[in-house]
Amino acid sequence: MKIFNTSHEATHQILYSSIKKALSSASNSKQLHKIHSIILTLGLGKSVLFSGKLISKYAQFKDPTSSLSVFHRVSPTSNVYQWNSIIRALTHNGLFSKALGFYTQMRKMDVLPDKYTFPSVANSCAALVDIEMGKVVHENVLDMGLGSDLYIGNALVDMYARFGCLAEALKVFDGMPERDVVSWNTLISGYSANGYWEEALDVYNMARMAGIMPDCYTVSSVLPACGGLVDVKEGEVVHCLVEKIGLHSDVVVSNGLLSMYFKFNRLLDARRIFDEMVVRDTVSWNTLICGYSQMELFKESILLFMQMVNKFEPDLLTITSILCACGHLHDLEFGKFVHEYMKRSGYESDTTADNILIDMYSKCGDLLASREVFDRMICRDSVSWNSIINGYFQYGKYDEAVKLFRIMKIDSKVDSITCVMLLSASTQLADKDLGKKIHCDVTKLGFDSDIIINNAMIDMYAKCGQINDSMKIFEYMKTHDRVTWNTIITACVQSGDFTLGWKLIHQMRTEGLRPDAATILGILPMCFFLAAKRQGKEIHGCIFRLGFETDVPVGNALIEMYSKCGTLTISLKVFDCMEVRDLVTWTTMISAYGMYGEGKKALRAFAEMEASGVIPDHVAFVAIIYACSHSGLVEEGLASFDRMKKIYNLEPRIEHYACVVDLLSRSGLISKAEEFIYSMPLKPDASIWGSLLSACRSCGNIEVAQRVSERILELNSNDTGYYVLASNVYAILGKWDQVRMIRKSIKARGLKKDPGCSWIEIKRRLYVFGAGDKFFEQFDEVNKLLGIISGLMAKEGYVADLRYVLHDIEEDEKKDLLCGHSERLAIAFGLLNTKPGTPLQIMKNLRVCGDCHTVTKYISMIMQREILVRDANRFHNFKDGICSCGDHW
DNA sequence: CTAGGGTTAG
């Protein structure tokens, strides 16, 4: 203690320098506090001699409160060093607005900042994205004549980059008289962080040409940009450099490489990087786990998490990655467990983490838990709203979703993703009005140049039957990507404009875009709609050339195409060649068998599917019951219906009941079918009564038919088909007043009856015939031939079934009308234009009428021709007077 | 003064 009492100059000198030394070497908070208390004991608390160092040291140990208390002891002060210290201390501890507050305060007190003041101030502006303040600070720098300072320049480049103002950042960079590796790194990372991958790489290459030796920062900044490019090449070049100059021992660099390889789905390269890392940290593990998740290897990523837990404490990012994997696996139990773990680790109220929780719970089907997370969130961003709304949409809770959307609008949190989601919901619901409203929002919010939104709008209008609006958007768009083309082509095909669809495919190719699997899937339905086998085969060739033959959905579409084109054998070949078969593959094959009346084969396929471990769903059961129904396999069909409920626990939907009604009534069990309808737990709709009615008509059960017609009319359906059916019944009964009444009500509703037409392809040309058509080549010859056939049929015992004529006219005229049915015209035309014995293939958009069915049987016998007719429902193969449908049609 | 890992959609 003696030494402190001396007032000797030299002793003071020794004292100060030893305290200074002690301060510099303090390596933890405890030591620092000890030295601090000595300083206070000496009465030097108000002195500026040690306070700057103390402030900085406390900041270093993450104790900004102590930094502040030191500063307050010396304040007010005009010593710039004290101000610099406190501003830097606060900035480094994340107290940015406090730091800026001190900067403002020092300016007010007319303390002149120096070159050490600005880097931290610029940092704080950057962190707060306070562009206004940033500009003021930049001006202050220039006013002070510090514009050419290297460190300040670097800080300003960084600041503008973080504002997203890359042009401004570049301007500062270009104006710098002196640049070092940090300047280049900052610019590279600025471009990289804002997603300007090419620009980041350009600057990196410029740095290399300028003779800059890349360091860890350079590499870590450029690697994310490499990951964003289309080719892995650039990333590999950087990887080589890393090995060459020995940067791979840096954990951040290795993590960057790891992440880059995962962006290209290069699992093996990524895994090698990870395995060869000498030092790994939490980020390394997170990158690995996340990478596996990105490659949809969710189970593996959870296993990695288990391995990691033994070595490292998982952080919030680890937890959220795992939660994400749980969501994809629909593993609610593990998801809940991780959520608990997250709470226990004290990670709550992180917006991104909560967003992922919302998504995880809704993916797992626990909407209540989703909503609970959403409700307790303090700070919700757009993603939070989008995720919860998406959850409601996924589970069909449209009202709740739309309700939240309205609140979200008030909160002005609607972004482009919200719009895409709502458009997709409008599409699924075919809700034109909702779609139009969203279109308005899109325009108001200025998202109408967003390509994804435009694609979604094209799809929405098309699925709502507004193809013209789809075309308008398509033409209005400045750029079209592959999805745009696929969407518009699919839209054309679905709306029946095949010519335009075909034209657009060619246009797409001339614009240099290769068709992909989705293009194929869009165009193939055209082939099966037209039964255009030739075009279908052409596309099949394309599929091989483009290498999509192993794509499962493409294979499925091919099976459907060939079956609907009348070549079940090729369908089967495609099916046999497929290495992977999913539920859709099997269902398509079963439906195909159904269409050809191959009920037994359909049942066999269904059993095979079950044996191969594929679980049938609602659609598969529709297919199998339908197949039984079209083959008269009543027992088997009913058994399938039971199996669906008992074995698979699937609640039958209205379409299954309709199939069963069809199954019973097609086989003539009209009263059983009627009983079944009355025992249904669901309210019978038009499809149910319609099935029964058409069967009544075929078997001539007028009594039930009349009763059912009344039921159908009560339902006020918007499907013209049912009105036509009912009107047909009244026509048979000769109740022409009722017939007229129904016609009127169809008109009043603005509905249109699909005009019947048939078509046939001869020598690469399609010939289309409407009912009663008179204006086609060879009309006279066709008419003559039909007359001759008529005579021959009469000899064989044929009598026209005039119940299929639905107009109030004379008997003779009725016969004429029947002869004018489009399928007969097509058949006669085919007979005239092909060599004897050639099989004919006719397509019809509606169901074949009973009389035509009979007539075609006769023709197949008299003319010795095999005639394949595809109507709206199925195939009929006529041969020697017999139809493959066994009259179950 | 500069660097790496997590969420929603067509």
Side-chain angles (χ1 to χ4, degrees), chain A residues 88 115-116 118-120 122-123 126 149-159 161-162 180-190 192-193 214-224 227 247 250-260 262 281-291 293-294 315-325 327 350-360 362-363 381-391 393 415-425 427 450-460 481-484 486-487 518:
Chain A
R88 200 185 304 135
K115 65 173 191 176
Y116 299 106
F118 288 108
S120 310
N123 269 204
D149 182 86
L150 176 64
Y151 281 45
I152 295 177
N154 289 345
L156 287 173
V157 172
D158 186 56
M159 179 187 79
R162 280 177 210 269
D180 63 357
V181 65
V182 176
S183 323
W184 288 97
N185 291 347
T186 309
L187 194 63
I188 294 168
S189 117
S192 192
D215 63 7
C216 298
Y217 288 84
T218 324
V219 173
S220 312
S221 302
V222 80
L223 278 174
L247 296 174
D250 183 274
V251 66
V252 179
V253 169
S254 288
N255 291 344
L257 285 170
L258 188 58
S259 173
M260 184 274 292
F262 269 124
D281 64 4
T282 309
V283 178
S284 324
W285 281 96
N286 288 351
T287 311
L288 190 71
I289 289 171
C290 217
S293 281
Q294 271 161 22
D315 69 1
L316 186 59
L317 266 73
T318 327
I319 293 171
T320 51
S321 301
I322 288 304
L323 283 172
C324 187
D350 176 273
T351 307
T352 305
D354 286 340
N355 292 346
I356 295 168
L357 275 172
I358 293 173
D359 186 57
M360 183 275 288
S362 68
K363 278 202 172 79
D381 63 6
S382 297
V383 181
S384 328
W385 287 94
N386 290 342
S387 302
I388 189 80
I389 290 178
N390 195 33
F393 274 136
D415 65 2
S416 66
I417 291 173
T418 323
C419 296
V420 174
M421 259 168 31
L422 273 116
L423 285 167
S424 140
T427 312
D450 184 312
I451 195 155
I452 296 182
I453 290 202
N454 280 307
N455 294 344
M457 291 204 293
I458 293 179
D459 197 34
M460 182 275 292
D481 67 3
R482 218 203 301 253
V483 180
T484 319
N486 290 345
T487 312

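Below, read A as the first sequence line, B as the second, and so on, with proteins coming before strands; counting in each chain starts at 1. Computed from heavy atoms alone, side chains included, the values below leave out hydrogens, waters and symmetry copies.
- Side-chain proximity of A:V383 to B:dT2, B:dT7, B:dA3: nearest is B:dT7.
- Phosphate contact (OP1/OP2 of B:dA3, side-chain N/O of A:R162, threshold under 4.0 Å): present.
- For A:Y217, the listed nucleotide lying nearest its side chain is B:dT2; candidates were B:dT2, B:dC1, B:dG6.
- Residue A:S183 is classed as having no contact, given no heavy-atom separation below 4.0 Å to the nucleic acid.
- Of the possible donor and acceptor atoms, none in the side chain of A:S259 sits under 3.5 Å from a partner among the backbone N and O of A:G256.
- Nucleic acid contact class of A:L258 (heavy atoms, under 4.0 Å, all strands): none.
- At whole-Å resolution of the value, CG in A:L323 and P in B:dT8 are 12 Å apart.
- Rounded to an integer number of Å, the gap from A:L422 CG to B:dA9 P is 13 Å.
- If you check every strand for non-hydrogen atoms under 4.0 Å, A:D215 touches nothing.
- Defined by atom type and a distance below 3.5 Å, a donor-acceptor pair is missing between the side-chain atoms of A:T186 and A:N154.
- Here the P atom of nucleotide B:dA9 and the CD1 atom of A:I356 are 13 Å apart, to the nearest Å.
- The base of B:dG6 does not come close enough to the side chain of A:N355 for any donor and acceptor atom to sit less than 3.5 Å apart.
- Inspection of the A:N386 and A:T418 side chains reveals an N or O donor paired with an N or O acceptor under 3.5 Å.
- Nearest to the side chain of A:N185, among B:dT7, B:dT2, B:dA9, sits B:dT2.
- Among the heavy atoms of the strands lying under 4.0 Å from A:S189 are primed sugar atoms or P, OP1, OP2 only; no base atom is included.
- One can find a donor-acceptor pair under 3.5 Å joining the base of B:dG6 and the side-chain atoms of A:T320.
- Among the nucleotides B:dT8, B:dC1, B:dG6, the one closest to any side-chain atom of A:D359 is B:dT8.
- Contact check, A:N390 against B:dT7: no side-chain N or O comes under 4.0 Å of OP1 or OP2.
- Under the rule for a side-chain hydrogen bond (donor to acceptor under 3.5 Å, both in side chains), the partners of A:D354 that lie at least two apart in sequence or sit in another chain are A:R376.
- Contacts of A:T484 classified as side chain to side chain contact (heavy atoms under 4.5 Å, CB included), with partners at least two apart in sequence or in another chain: A:I451, A:N455, A:I458, A:F474, A:M477, A:H480, A:D481.
- Residue contacts shown for A:A122 are absent, as no nucleic acid heavy atom lies under 4.0 Å away.
- Within the 4.0 angstrom heavy-atom criterion, base atoms lie near A:D315.
- Between A:D381 and A:T351, the side chains place no donor N or O within less than 3.5 Å of an acceptor N or O (distance only, hydrogens not considered).
- Nearest to the side-chain atoms of A:T352 among the listed nucleotides B:dT7, B:dA9, B:dA3 stands B:dT7.
- Nucleic acid contact for A:C216: base, since at least one base atom lies under 4.0 Å from a heavy atom of the residue.
- Note on A:D354: nothing from the nucleic acid sits closer than 4.0 angstrom, heavy atoms only.
- Nucleic acid contact class of A:D415 (heavy atoms, under 4.0 Å, all strands): none.
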